[in-house]
Amino acid sequence: MSLDEFFVTGDPLILASQIAIGLTMIGLIALITYLKRWKWLWNEWFTTVDHKKIGIMYIISGVLMFFRGGVDGLLMKAQTSRPELEFLDAQHYDEIFTTHGVIMILFMAMPLLIGLMNVVIPLQIGARDVAFPKLNALSFWLFFAGAMLFNVSFVIGGSPDAGWTSYFPLAGKEFTPGVGNNYYAIALQIAGIGTLATGINFVVTIIKMRAPGMTWMRLPIFVWSTFITSIIIVAAFPIFTVALAYMTLDRLFGTHFFTVANGGDPMLWLNLFWLWGHPEVYIVVLPAFGMFSEVIATFARKNLYGYKSMVYAVAGIAFLSMLVWVHHFYTMGNSAAVNSIFSLTTMMIAIPTGVKIFNWLFTLRKGRIEFSTAMLWSLAFIPCFTIGGVTGVMLAMAAADYQYHNTMFLVAHFHYVLIPGVVFAVFAGLYYWWPKMFGFKLNEKIGKWHFWLFVIGFNMTFMPMFFVGLDGMSRRMYTYSASTGWAGWLGFSAIGSIILAAGFAALCYNIYWSFRYASRDVGNDPWNGRTLEWATASPAPHYNFAKVPEVDRLDAYWYMKKEGNTGLKKSDLKPVHMPSNSWTPIFLAVVFGVVGFFLVFEWFTLAILASIGIVVGLVANSFDYDDGYHISVEELADEEREWRGDLQ
Amino acid sequence: MSTKTNHFPWNHLIGFVLSIALTLLAVFVAFNTDFSKTVIVWVIGILAIFQALIQLFMFMHVTEGKEGMINVVNMVYSIFLALVIVFGSIWVLTSGHAAMH
Amino acid sequence: MTSHANNMPLEYKTQQSQMNILGFWVFLGAEIVLFSTLFASYFVLEHNTAGGPTGQDIFILKDVLIETFLLLTSSFTCGLAIHSMRSHHKTGLMVWTIVTLLLGAGFLYMEINEFIHYVHEGASIQTSGFTAAFFTLLGTHGAHVTFGIFWISLLLIQLARRGITEKTASKFFIASLYWHFLDVVWIFIFTFVYLKGMVM
Ligand code: HEM
Ligand SMILES: [Cu+2]
């Protein structure tokens with residue numbers, strides 16, 4: 001393979017990015033070396049097993065990926081803003097919607113949610129860390145390796161271009177011979193293993209590490225939704241693992257799982273993809289539901305209405321989520337019985353979802369609502385998401401779906417679900433938990449700019465897609481003729497996407513501004529919260545709680561404050577056991593990334609050689625009997641005095 | 001469940017003998033009986049499930065430990081998923097158009 | 001960290017061990033899903049032989065039965081190993097574990113030969129939808145067995161060095177769950193791939 005096949009060449013946009021990426025890398029390395037920060041990075045971040053730091057790394061990666069995916073989105077909007085534009089050609093458009101879809105779902109939504117779960121869940125259940133801290137670090141680094149590998153495709157070798165769903169036979173070697181779809185199969189595999197490990201980790205954490213007295217019906221609702229989400233992860237990701245392995249075998253080793261000839265079955269890919277893919281959309285939306293519930297209860301100053309029905313609703317959604325996958329391919333010639341049954345199960349999901357919407361509304365009713373930025377996102381979520389949900393029920397009817405399928409109506413629908421359901425939630429969560437992570441709040445005023453620009457931009461961008469979709473515009477069309485009459489709608493939509501981008505810029509500016517200027521004096525409980533994470537300092541100390549709080553009801557911290565027992569007696573302190581840092585997670589992930597890269601290019605000898613690194617990492621891990629260390633009572637007392645004043 | 005288990009491991013032995021017997025029985029049913037193919041598959045399928053349960057209860061002690069109940073729920077749920085995946089995929093992919101060629 | 005429930009076996013002594021064991025059960029749940037997907041795909045592609053050999057053409061009952069007995073016996077000896085461990089019998093644990101691994105290696109040897117035989121019969125992984133699904137299902141199981149042999153060998157070294165402690169005990173217990181689980185998967189392969197393939 002020659003060098004100009006290896007690097008993607010011939011496109012000025014990509015060339016500019018290659019140069020920019022190269023310069024940024026050199027700049028970063030130079031900067032870190034100049035500031036002598038390598039050791040600090042290694043000790044404090046790269047080898048950390050602290051759930052809060054891992055969470056923060058997830059969040060940083062998620063925001064970066066949001067930027068990448070967002071630029072992809074803007075490029076597509078620019079291309080379709082006028083009829084017959086030649087800004088992007090068809091191939092380029094294909095690559096961009098593919099990377100946009102994959103990155104937004106797997107490398108933006110997932111890490112942002114898992115990041116917030118990491119930061120918040122142990123704190124909310126009064127635990128010192130997750131059940132398997134080292135595995136948690138491995139999860140993060142595998143995700144990161146997968147994400148980087150996927151992103152590299154755009155400058156080295158070429159991007160995948162068969163859609164985020166990578167349907168066969170198109171995604172097979174016959175029709176897409178380049179390495180692009182190898183990247184898809186292998187990068188997602190690596191990230192997926194990390195996600196599966198996260199699922200297992202959180203299931204065990206929530207079962208085994210709850211504070212004394214925190215029975216199942218006293219769990220904060222975000223913990224419940226994380227628990228259920230983790231169960232769905234464990235249930236669904238192995239399916240994707242298998243599907244991707246088949247894809248890899250088909251593309252790299254000439255097997256016939258999904259090919260048209262030699263007894264393959266392209267429909268099998270669809271079936272497996274959506275067996276995972278539908279649960280996946282619930283994996284991204286359920287934690288978000290949990291976050292909204294927390295934020296709404298806090299800023300309405302009321303306990304969550306219908307807590308138990310909320311729990312049952314989440315569980316019901318999880319159960320049904322495994323039974324609806326065919327609604328993504330009604331039009332592909334299933335029998336009438338199949339389509340009818342899956343129509344039914346799909347529509348049934350609207351019931352528990354409706355329950356949740358009404359619970360939020362009833363929580364708001366007669367609340368003393370405080371319109372903080374976090375609350376604004378939650379309030380905007382309800383109507384926007386309802387539009388997404390109602391159009392979803394329209395799509396759920398198999399017969400009607402023959403009309404909507406693969407049109408822009410569908411694209412509008414899932415953006416109306418995913419953006420309010422995930423992005424708004426992540427924003428709400430970031431504004432809400434930011435002080436717990438960093439010890440200062442994001443600026444509320446810039447926050448309002450962020451909010452209004454983003455929400456208005458979002459509706460302007462995606463509302464028109466419903467109409468052009470009903471008017472017959474299919475998805476993934478890179479251009480159209482003026483005679484279709486869509487130019488007005490799509491131009492309007494493109495303008496909307498600029499406003500949307502301005503909203504994102506406002507968030508970035510807000511982060512910058514707040515880092516520099518925001519008051520560091522926020523106390524441990526800036527929002528008058530209800531759950532345990534607010535009972536400890538902001539930012540949370542590395543040991544989380546000097547003494548694990550005892551819980552005697554729901555919203556425990558709220559009542560602790562009321563009854564005035566939030567103090568800490570020195571005599572109650574005991575040494576705290578902490579896990580040690582470890583180099584194996586990052587090492588293993590780097591090796592996985594390298595092996596993956598070699599596999600993408602089908603350099604098998606190199607791949608096998610590099611795999612020795614995996615063996616080394618696993619053996620080292622098996623022989624690791626490190627027991628962690630203890631923080632002494634004196635150290636604890638000193639750190640606690642810093643924010644509590646004197647201990648009792 | 002006790003720390004000292006010095007007694008003879010009867011239940012392992014019984015489990016082992018049963019699994020060998022069930023295996024042979026399945027072979028016998030498959031090759032030496034006149035049942036229809038559907039019946040054969042059902043019978044050997046049920047025998048397989050028995051064997052799996054033997055492993056699960058007699059060798060793996062699912063119900064043991066503080067989380068015995070949770071383990072059982074976990075396994076039941078996983079089996080439910082297995083059935084959905086297997087029968088769901090077969091149903092979806094072999095009825096409809098797929099069935100016509 | 002130790003929760004002193006007195007009649008708990010050693011491997012359940014610490015909170016961390018309990019979590020490891022529970023976590024492994026959850027992982028086995030994921031493994032069930034993984035293998036179900038492999039089975040589902042196999043059932044869908046089973047008849048797509050594309051002119052190549054069918055299962056009936058190539059399967060040999062005798063070899064498969066030997067593999068089955070090797071694996072069933074290894075599951076039994078693995079149980080005996082854990083039984084010895086619970087009686088704090090280090091040599092017993094060692095010996096039964098080694099026997100288990102040898103039986104596992106025997107199984108692998110048979111399986112590899114079987115695969116080579118199939119390739120000679122004109123059924124390689126690239127031949128058809130059927131062979132692709134067949135080799136992937138069997139191969140994934142075989143890879144698990146291989147991984148298990150290496151993993152448990154590492155545990156044996158740790159056992160020799162450290163003896164039966166809370167930590168080594170929970171590691172062995174978890175490995176035993178893994179090993180029994182592979183036997184469960186094999187039972188279904190034996191029944192629904194081989195027997196069913198030979199009679200239908
Ligand atoms: C930042 C604002 C966003 C913009 C401007 C945007 C825009 C678009 C556009 C124009 C398409 C392609 C339509 C087509 O021609 O078929 C698309 C597809 C898609 N978007 Fe977005 N989007 C945004 C955010 C998101 C988010 C937050 C998610 C998920 C969490 C997401 C997930 C997807 C997916 C899965 C596809 C389908 C890709 C495919 O066809 O394979 N998008 N988006
Ligand atoms: Cu769906």
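Naming convention: chains lettered A, B, ... in sequence-line order (proteins, then strands); numbering from 1 in each chain.
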Next on the checklist: Please classify the contact between Tyr194(C) and chain B as side chain, backbone, both or neither, with a heavy-atom cut-off of under 4.5 Å.
Outcome noted: neither
Checklist entry - Do you know which of Val33(C), Ile32(C), Leu28(C) has the most heavy-atom pairs with chain B at a distance under 4.5 angstrom? => result Ile32(C)
Checklist entry - Do you know which of Val27(B), Leu47(B), Leu22(B) has the most heavy-atom pairs with chain C at a distance under 4.5 angstrom? => result Val27(B)
Next on the checklist: With a 4.5 angstrom heavy-atom cut-off, is it the side chain or the backbone of Tyr42(C) that approaches chain B, or both, or neither?
Outcome noted: neither
Checklist entry - Between Met58(B), Met75(B), His61(B), Glu67(B), which has the largest tally of heavy atom pairs under 4.5 Å with chain C? => result Met75(B)
Checklist entry - Quick one: what part of Ile21(C) sits under 4.5 Å from any heavy atom of chain B, side chain, backbone, both or neither? => result neither
Next on the checklist: Nearest 0.5 Å, please: how far is CG in Leu34(C) from CD in Glu31(C)?
Outcome noted: 5.5 Å
Checklist outcome for this item: If one checks every heavy atom of Ser176(C) against chain B at 4.5 Å, the contacting part turns out to be neither
Item to check | Gap separating the CG atom of Asn20(C) from the CD1 atom of Ile174(C), nearest 0.5 angstrom | outcome: 5.0 Å
Next on the checklist: Can you tell me which of Gly88(B), Ala48(B), Ala30(B) forms the most heavy-atom pairs within a distance under 4.5 Å of chain C?
Outcome noted: Ala48(B)
Checklist entry - Is chain B contacted by the side chain of Ser41(C), its backbone, both, or neither, given a heavy-atom distance below 4.5 Å? => result neither
Checklist entry - Looking at Phe69(C), Phe192(C), Phe35(C), Phe107(C), which hits ring-ring contact (aromatic ring centres under 6.0 Å, His included) with Trp186(C)? => result Phe107(C)
Item to check | Ring center gap for Phe24(C) and Phe181(C) short of 6.0 angstrom | outcome: no
